[in-house]
Amino acid sequence: MLCGPSLAQSDCGSTGGLCQQELMAVRRRKGGRDGVSSSEAETVDCQEKKDAAGSNAGFQWTPVSILSVAVGLFMAYYSGSTHGWLMATLHENVLWFSNIKEVEREISFRTETGLYYSYYKQLVNAPTIAQGLYELVHDNITEHGKTINILERFNIYQEVVMALLYRFLSLQKTVEPVFFYIHAVFGLHSVLVMSLYGTTWLLSGSWLAGILSAAFYTFNKVDTTRVEFTIALRESWALPFWYMQMFLLTVFFHPNLHRNLKVVTVSLLYVCTFCFALTWQFAQFALLLQAMALFGCAVLDVIPAQKIRQVWLIQAGSLLAVCVCQFFNKMVLCSLVLSFIPSAMLVIAFKERVFTRRGLSWQFAGLVLNVILVMVSMLLFNKYVIKTIIRTDADQHIFNFLMGKFGLSGNQRDFDAQLYLCETAFRVLPLDTFVRLSKSLVFPLYAVFHLCVLLVLMQSVLQNWRPPMYSTEDPATRNDAQNPPLPLGSAHPLLLQRPQLAYHAISAAVFGCLAVSTMRFKYLWTPHMCVLAAAGVADFEAWKILLNKLHAGLSESKVHLCRHIVTAGILALLFAVALPSTLDELKILKEFHDPDTVQLMEWIKKETPVSAAFTGSMQLMAGVKLSTGRPITNHPHYEDRDLRNRTKQLYQIYGRRHPQEVHAILKAHGTSYIIIENSICYERGHNIGCRLRDLMDMTNHHIVEGGTTGSEDHPATHARFCHAIQSGAPEYRKYFTMVFQNKTFRTYKVS
């Protein structure tokens with residue numbers, strides 16, 4: 001037996017069997033208009049009967065089952081720890097992280113990851129914890145000339161917790177701070193894989209399927225994770241909590257959940273959702289899509305509305321708690337998910353009162369109306385209520401990006417939107433992704449199983465929506481209002497016995513649409529893919545239906561044997577296909593090599609005052625702050641309107657403006673030095689119109705070199721600043737003096 005005490009396949013004994021019949025009858029009729037519908041009330045009563053009967057009625061603990069569960073738990077730990085070890089090893093092999101200099105380690109934290117890690121370093125090195133926390137709350141280095149609250153603006157509580165642990169555990173003499181930090185992230189991703197394993201085990205009833213899902217995730221790491229080279233990225237901290245939450249939702253949506261386990265599950269759900277939202281600024285958008293998937297489950301009557309309301313309340317409570325932790329961050333309060341949740345609750349209450357069973361056409365019309373109502377009410381509530389009260393537009397650039405991406409914006413030259421739209425990560429998912437995933441078997445298996453589940457779900461919903469057909473065998477009870485007869489036939493077991501599978505099917509479809517439209521978010525879809533592909537291979541119900549269609553007529557034990565043999569065979573095939581390339585990758589040894597950046601950072605530390613403020617590209621400034629501790633005027637955390645405006649002004653160093661104008665802008669922000677990158681000034685990588693200098697030309701309404709001309713564009717009257725400053729002409733020497741130069745960077749002191 002490889003099943004163990006799976007929540008996916010258990011039944012509830014004699015009491016549970018009666019309860020299933022009651023549920024089927026309840027699904028066929030809906031009554032009551034006051035408060036909670038009679039359908040929901042009877043469903044809850046039935047659930048309580050199951051709980052009273054005990055959740056272990058369908059499972060007997062035997063020595064074999066205990067051994068199976070023990071082996072399954074061990075394999076969960078082994079699969080997760082192996083994945084964490086692999087990520088850590090690849091990171092070490094690519095950078096030779098343990099042997100390079102400290103400045104090189106810090107430079108390896110590219111773009112915004114360097115900014116986040118700098119706060120961990122700052123708190124670790126602070127004279128006292130109290131002073132370190134005070135400097136975070138009253139920071140005047142990150143945006144020179146302005147004091148900001150880092151804990152409010154950025155999601156860096158994970159850095160605070162790690163720094164406090166490092167100091168409280170007195171690890172200074174045993175572990176270097178950077179290794180404590182990165183291995184904590186790799187450890188979290190071990191837990192992520194364990195969560196995927198557990199989710200698959202619950203859905204399929206087989207821990208062998210859990211091994212398969214973990215193997216799918218690990219061998220497809222190019223498309224499932226990027227933690228080995230973006231360690232400090234917010235999603236690297238957040239996604240483990242997201243998939244822990246997914247595991248807990250799988251438990252929570254099980255129809256036979258014991259009330260004590262339910263209490264524990266709800267508590268852990270809140271903790272995981274809170275940690276997820278606290279560690280990633282874009283968690284609100286993932287939660288919005290999850291809330292929409294739950295709304296779909298509610299309007300389709302797949303999951304009891306009461307459970308969905310509980311999850312919505314957990315989401316809302318977690319976000320409000322995060323808002324408090326971030327000193328009432330306005331972007332959290334204005335999140336669409338906090339507008340969607342009350343709107344969805346009202347619409348579901350409206351549905352329960354109005355759209356009782358009245359036939360297929362009526363229910364379909366109700367579905368369309370419910371979707372329209374919830375979307376319109378969410379947008380109206382967010383724009384005209386919340387944002388009117390709070391008065392903020394910190395997230396306007398995200399809406400501009402969405403409008404531009406889908407061609408709904410009249411301004412196709414918006415600087416902030418184009419910064420995103422020009423990046424490959426924010427374009428549609430390329431087809432080679434599906435080719436890679438198909439070579440490793442996961443996508444074909446996922447596509448077949450997901451499509452079958454969606455078709456069965458659609459059939460079940462349509463069957464559930466049709467007017468009931470009553471038995472005529474007992475006319476005496478036929479018209480009894482208190483005890484209406486059971487319907488002929490029954491809804492598909494997916495609706496009544498496996499709502500958790502229906503939720504995963506709907507959720508995967510939602511996140512699949514997101515991933516296909518925007519490649520950056522494929523990491524929210526491909527783990528779903530791994531879980532459903534593995535669960536589909538080992539699904540008992542699927543195998544029973546398939547074998548019945550083939551007229552095999554096998555007993556349940558033989559069906560179990562078939563599914564386990566096939567699962568083991570696919571697992572062996574996956575290892576045969578993917579393991580050799582993974583082993584070859586482990587043999588590749590490289591070393592971090594960026595001498596020009598190292599030279600720049602060392603020069604800044606030796607030759608510039610501690611109070612000197614630097615201006616340059618957002619990505620480089622994060623490294624300057626981390627490696628040198630010097631004040632910077634801009635940075636890559638782009639979620640603040642004032643910072644976006646400031647960055648647009650400071651980037652005039654790559655525009656075609658008079659040196660006096662550029663000098664005035666720099667002095668207004670207190671800049672002491674500017675760093676010009678030749679790779680940006682003479683960029684050739686992006687398409688015309690997407691290079692930074694092109695974006696500045698469009699912002700200044702100058703004709704783009706070699707690009708299209710807008711109606712308001714005119715020829716520039718000055719040469720490009722980053723190029724012309726090299727001439728040393730008097731009009732440039734008056735304001736700027738070159739003090740450092742190598743093949744990559746040019747640094748000028750601002751007079």
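The salt bridge (charged side-chain N to carboxylate O under 4.0 Å, His left out) pairs that include a residue from residues 571-581 number zero, where partners must be two or more places apart or lie in different chains. Residue pairs meeting the salt bridge (charged side-chain N to carboxylate O under 4.0 Å, His left out) criterion with at least one member in residues 440-451: none, sequence neighbours excluded. The salt bridge (charged side-chain N to carboxylate O under 4.0 Å, His left out) analysis of residues 82-92, with sequence neighbours excluded, yields no pairs.
Residues Phe109 and Tyr116 place their aromatic rings such that the two centres sit no closer than 6.0 Å.
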For this session: Given side-chain hydrogen bond (donor to acceptor under 3.5 Å, both in side chains), test Gln245 with Thr273 step by step and report yes or no.
Result: CA-CA 7 Å; Gln245 188 225 42; Thr273 307; 3.1 Å; yes
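In this structure Cys681 satisfies the disulfide bond (SG atoms under 2.5 Å apart) test together with Cys722, sequence neighbours excluded. For Thr567, there are no side-chain hydrogen bond (donor to acceptor under 3.5 Å, both in side chains) partners at least two apart in sequence or on another chain. With sequence neighbours left out, the salt bridge (Lys or Arg N to Asp or Glu O under 4.0 Å) criterion links Glu112 to no other residue. By the side-chain hydrogen bond (donor to acceptor under 3.5 Å, both in side chains) test, Glu159 is found to be paired with Tyr181, Arg234, residues two or more places apart in sequence or in another chain being considered. For Cys275, the disulfide bond (SG atoms under 2.5 Å apart) test picks out no residue, with sequence neighbours left out. Applying the side-chain contact (heavy atoms from CB on, under 4.5 Å) test to Phe285 and every residue at least two apart in sequence or in another chain returns Phe282, Ile398. Scanning for ring pair (Phe, Tyr, Trp, His ring centres under 6.0 Å) contacts around Phe443 gives Phe434, with sequence neighbours left out. Residues satisfying the side-chain contact (heavy atoms from CB on, under 4.5 Å) test with Thr82, not counting sequence neighbours, are Tyr78.
Side-chain atoms of Asn382 do not come within 3.5 Å of backbone N or O of Met378 as any donor-acceptor pair. A side-chain donor-acceptor contact under 3.5 Å links Asp414 to the backbone of Ala417.
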Show every donor-acceptor pair shorter than 3.5 Å between a side-chain atom in residues 183-193 and any protein atom, with sequence neighbours excluded, or say none if there are none.
unit_1: His189; atom_1: NE2; unit_2: Ser236; atom_2: O; d: 2.8
unit_1: Ser190; atom_1: OG; unit_2: Gly80; atom_2: O; d: 3.0
unit_1: Ser190; atom_1: OG; unit_2: Phe186; atom_2: O; d: 3.3

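Ion pairing between Arg644 and Glu639 fails under the 4.0 Å rule for side-chain N and carboxylate O. Between Asp432 and Arg436 there is a salt bridge, since at least one side-chain N of the basic residue sits less than 4.0 Å from a carboxylate O of the acidic one. Ion pairing of Glu423 with Arg520 is absent here, as no side-chain N (NZ or NE/NH1/NH2) approaches a carboxylate O to less than 4.0 Å. With respect to Arg110 and Asp594, a salt bridge is recorded, a charged nitrogen being found less than 4.0 Å from a carboxylate O.
With hydrogens and angles left out, the side-chain atoms of Thr200 and Ser213 include a donor and acceptor closer than 3.5 Å.
For the ring-ring contact (aromatic ring centres under 6.0 Å, His included) with His91, the qualifying choice from Trp85, Phe592, Phe97 is Phe97, the only one to do so.
Note that Lys307 lies outside the cation-pi zone of Phe253, set by a 6.0 Å cut-off to the ring centre and a 45° limit from the axis.
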